Amino acid sequence: MADNLLDEYKAYYAVRAERYAGNPNYSNSYAAEKRLSDAFQSCNSLDEFKDKMGDLNERCASALAKDQYIMDQKHFKKHKEAVRVLLSDRILEKIDSCNNVNDLFTMIGEESTKNSIEVSMDESNDCFIENWKLLDDIELYSNAEVPEKYKADMDRMVNITRESIIDNAKSREENNQAWEEGWKLNPDIIVEYRFRRLLPYTDEQVQTQIERFKKIINS
Amino acid sequence: MPIESIYLDPILSVYKNMVEDCKQKEISGEDFDAMVACYQRMEELGQSTDDMNVFYGSMMQENIYAKFSDHYSKAIIAQSQQASSAGGDSGYDDGAMLKQNINALKAAIKQLEDSFKEALRMASTEVAEASRKKQFDYAFEKNDQEFKDQGYDPEKSRKFEDDTHRDAMKKTPNMLDSTVEVEVMHNPEALIKPILKLIELGEQPGMTFPTFLRLQIEQGLDKAMEGTGVVRDGLVYFVDFFDAFPSNPFQKEVAKKKLESFDKLVAGSKFKTADISELNLLFDDIEREFEPKIRKWEIIVDLWEQMLDDLFIWSLAYHRFAPYIDPWKYTLDPKESVITDQNTLPGIFKEREKLLLKYFGMSFMDIFKHETFEFEVKKSRLYYSQEIIEHLIEDIYSQCRPFNHLPEELIEKRGNFNPEINIPNSREVNPELHIPLQNFIKFYNSKYGEGRYESKYPPVEIIPNVLSKPWNWETFKYKS
């Protein structure tokens with residue numbers, strides 16, 4: 001029975017490594033599982049494995065986390081997500097210094113929370129994108145050719161729209177200051193790829209609109 | 001002032017239950033104490049502010065969720081490790097480990113079944129009615145003085161709400177019931193099946209723990225338990241949904257690409273299962289590919305829809321009934337509002353025309369050649385009939401310029417599209433506007449059972465006696 005169990009464990013650990021074989025996304029997991037499997041294959045009894053295992057098991061968990069965050073890092077670099085990528089950057093810097101699985105999960109939890117706030121604060125700058133149409137409305141009402149008698153109506157619409165933009169910006173900043181002290185909108189960041197890709201306008205049009213937005217929210 | 005308990009209690013109850021669960025299991029130690037401290041801090045924060053955003057912000061800044069989960073996991077693991085070495089004998093017991101694993105699987109099935117039963121209970125009319133009553137009791141109690149200050153009688157308002165609700169329930173008796181939807185969308189059978197297979201495997205005579213673990217991997221049952229079978233069902237659902245009810249042509253393409261990438265990932269994997277991490281990244285790639293196209297599409301549609309509305313409203317402003325209809329009838333001075341629109345809409349329209357040209361190089365006539373316009377017509381999403389669109393193009397557009405007014409002969413012609421300002425006798429409205437919703441209902445009933453939609457929601461509004469003809473894209477001469 002003991003001999004059978006030993007062989008069965010050897011077969012199990014071999015398959016554990018096998019599931020990652022040939023998958024470039026899981027090269028660390030494969031290497032860690034292979035080391036664990038090789039350690040087991042070299043045993044002549046189950047008891048022998050207790051001494052040979054060491055922390056090889058925990059290294060598998062660490063390798064799996066490493067592979068997943070390497071995938072994330074590649075993915076977010078490909079998509080130029082300069083803030084989302086910080087999570088995997090920092091985790092990968094620290095992962096090898098985690099002594100055990102508990103420390104690893106604690107570290108990942110802390111970094112995930114930190115990055116979650118960073119991403120929310122960064123993406124809140126899409127307030128500018130949400131207000132693009134209001135900025136266009138200001139241009140529209142300012143330039144619309146109407147009889148003199150109705151210019152006051154157009155001016156009124158411009159002022160109402162301007163106040164809406166100011167209120168939107170103020171509300172966004174107040175909201176976010178509960179998450180990050182002193183947070184302020186940063187419209188200049190819109191030219192960065194992760195925002196820019198969503199604006200089907202020329203660079204010049206985007207820059208002009210950013211300047212208009214800044215002038216209004218800073219007035 | 002603290003956050004109202006009606007909002008705070010549901011948030012904290014999850015964590016409170018986890019603390020109680022640990023107490024019942026007699027879990028103790030440093031991690032348990034730290035977990036309780038985290039929960040107490042949640043309660044303190046809930047008492048320190050009445051602003052939910054500030055509460056959530058503080059919770060995140062202090063990392064309380066993650067700390068609570070971390071200490072909870074460690075407390076549970078520590079207890080499990082103590083239990084397994086409690087006998088003092090560290091000898092290997094294969095049968096015991098296998099049994100422990102199978103018992104955990106059986107407990108997982110029970111949890112899935114209990115959660116499903118609870119989800120069905122929460123989706124029932126009975127629970128929804130009780131929740132509605134609780135919310136209304138709270139709202140009316142809290143705003144009692146505000147109602148009175150605004151000249152309303154809270155008792156009468158409450159009675160009106162209750163009577164309206166009762167009438168609605170008679171027409172659509174399942175309006176508060178979602179048990180069928182929960183049954184279809186959240187039935188855990190697809191998750192339980194692979195677990196049962198695993199248990200069956202584990203309980204075979206002569207089975208050992210290592211062989212059990214190996215066979216799980218080789219048969220893909222470990223991944224199946226993560227729910228990848230259910231993922232595929234969800235992907236198929238969205239392909240069907242966007243086929244029936246699209247708001248742009250990309251949605252169905254995204255859904256189909258996601259399904260294709262799922263099947264490709266499964267086919268290429270060693271043990272024919274999809275890895276969730278790889279899958280999520282593939283899905284993100286697909287969404288990012290289409291997101292800019294969808295944004296551009298929606299911006300273009302929004303701009304020309306407003307331009308058509310400008311022409312429609314401007315020409316309608318000359319109708320003799322204009323002050324008595326939307327959009328003027330509820331303004332402070334309807335007659336003055338009508339005159340204002342007659343004088344200002346041409347200038348506004350011209351500025352929108354400039355924006356369309358500036359941003360997308362499109363003129364007014366290019367709208368009708370554009371794929372967005374064709375899509376809106378062919379999917380019966382365009383509000384306007386073919387006749388009124390042709391009239392706006394041929395007669396109204398050239399007149400809608402600053403300082404100009406609609407000439408008398410055109411006022412009459414425009415007015416004839418809706419002489420009595422009565423939608424059923426109008427030639428302005430697309431007579432097939434009900435088709436998208438009808439398609440959605442067909443889809444909905446195909447998923448949840450014939451007649452299900454009708455038992456939950458008000459009937460589709462089909463505009464009766466409308467005089468306009470359905471769109472015939474082939475005869476629309478401005479499409480090229």
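Each chain gets a letter, A, B and so on, in the order the sequences are listed, and its residues count up from 1. Treat the numbers as computed from the prediction; the structure is a model and nothing was measured.
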Verdict with supporting geometry, B:Arg295 and A:Ile129, side-chain contact (heavy atoms from CB on, under 4.5 Å): CA-CA 11 Å; B:Arg295 296 284 287 246; A:Ile129 298 176; 2.9 Å; yes
Where on [X] is there a heavy atom nearer than 4.5 Å to chain A: the side chain, the backbone, both, or neither?
| X | result |
| --- | --- |
| B:Asn343 | both |
| B:Ile339 | both |
| B:Lys358 | both |
| B:Leu355 | side chain |

Chain B contact via A:Asp72 - side chain, backbone, both or neither, heavy atoms under 4.5 Å: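 Both the backbone and the side chain of A:Asp72 come within 4.5 Å of chain B.
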Side chain, backbone, both or neither of A:Asp67 within contact of chain B (heavy atoms, under 4.5 Å):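 Neither the backbone nor the side chain of A:Asp67 comes within 4.5 Å of chain B.
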Reported CD-to-OG distance for the pair B:Glu351 and A:Ser142, which is rounded to 0.5 angstrom: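 These two atoms lie 9.0 Å from each other.
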Reported CH2-to-CE distance for the pair A:Trp179 and B:Met60, which is rounded to 0.5 angstrom: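 Nearest 0.5 Å value for the CH2-CE distance: 5.5 Å.
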Taking all non-hydrogen atoms of both residues into account, name the closest pair between [X] and [Y] and its distance.
| X | Y | value |
| --- | --- | --- |
| B:Ser277 | A:Tyr26 | CB-OH, 3.8 Å |
| B:Ala66 | A:Gly109 | CB-O, 4.0 Å |
| A:Asn175 | B:Asn53 | O-ND2, 2.6 Å |
| B:Glu278 | A:Met71 | CG-SD, 3.8 Å |
| B:Val54 | A:Ala178 | CA-CB, 3.8 Å |
| A:Val146 | B:Thr344 | CG1-CA, 3.8 Å |

From CA spacing to verdict: side-chain hydrogen bond (donor to acceptor under 3.5 Å, both in side chains), A:Thr106, B:Lys74: CA-CA 10 Å; A:Thr106 301; B:Lys74 286 175 179 170; 2.9 Å; yes
Mind ranking [options] by heavy-atom pairs under 4.5 Å with chain A and telling me who comes out on top?
| options | result |
| --- | --- |
| B:Phe360, B:Tyr65, B:Phe212, B:Tyr359 | B:Tyr359 |
| B:Lys354, B:Glu218, B:His71, B:Lys350 | B:Glu218 |
| B:Lys296, B:Glu291, B:Arg401 | B:Glu291 |
| B:Asp284, B:Leu281, B:Asp51 | B:Leu281 |

So, [X] and [Y], do they make that salt bridge, N to O below 4.0 Å?
| X | Y | value |
| --- | --- | --- |
| A:Lys78 | B:Asp285 | yes |
| A:Arg197 | B:Glu289 | no |
| A:Glu81 | B:Arg288 | yes |

Counting heavy-atom pairs closer than 4.5 Å to chain B, which one of [options] comes out on top?
| options | value |
| --- | --- |
| A:Tyr141, A:Tyr201, A:Tyr13 | A:Tyr201 |
| A:Ser112, A:Ala14, A:Pro147 | A:Pro147 |
| A:Glu139, A:Gln68, A:His75 | A:His75 |
| A:Glu180, A:Lys149, A:Glu18, A:Met154 | A:Glu18 |
| A:Asp136, A:Asn25, A:Asp153 | A:Asp136 |

Under 3.5 Å donor-acceptor, A:Glu145 side chain and B:Gly347 backbone: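 No.
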Should the heavy atoms of other residues, nucleotides or ligands under 6.0 Å from [atom1] of [X] be counted, would the total exceed 12?
| X | atom1 | result |
| --- | --- | --- |
| A:Lys170 | NZ | no |
| B:Lys272 | NZ | yes |
| B:Glu30 | CD | no |

Verdict with supporting geometry, A:Tyr12 and B:Thr211, side-chain contact (heavy atoms from CB on, under 4.5 Å): CA-CA 7 Å; A:Tyr12 163 59; B:Thr211 298; over 6 Å; no
Audit row: A:Lys133, B:Gln306, side-chain contact (heavy atoms from CB on, under 4.5 Å) steps and yes/no: CA-CA 12 Å; A:Lys133 190 174 175 305; B:Gln306 284 193 293; 3.3 Å; yes
Whether A:Tyr9 and B:Phe209 hold their rings parallel, tilted or perpendicular, with breakpoints at 30° and 60°: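 It falls in the perpendicular class, over 60°.
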Derivation and outcome, side-chain hydrogen bond (donor to acceptor under 3.5 Å, both in side chains), residues A:Glu110 and B:Asn63: CA-CA 7 Å; A:Glu110 284 170 357; B:Asn63 203 19; 4.9 Å; no
Trace of the side-chain contact (heavy atoms from CB on, under 4.5 Å) decision for A:Asn4 with B:Thr208: CA-CA 10 Å; A:Asn4 280 349; B:Thr208 62; over 6 Å; no
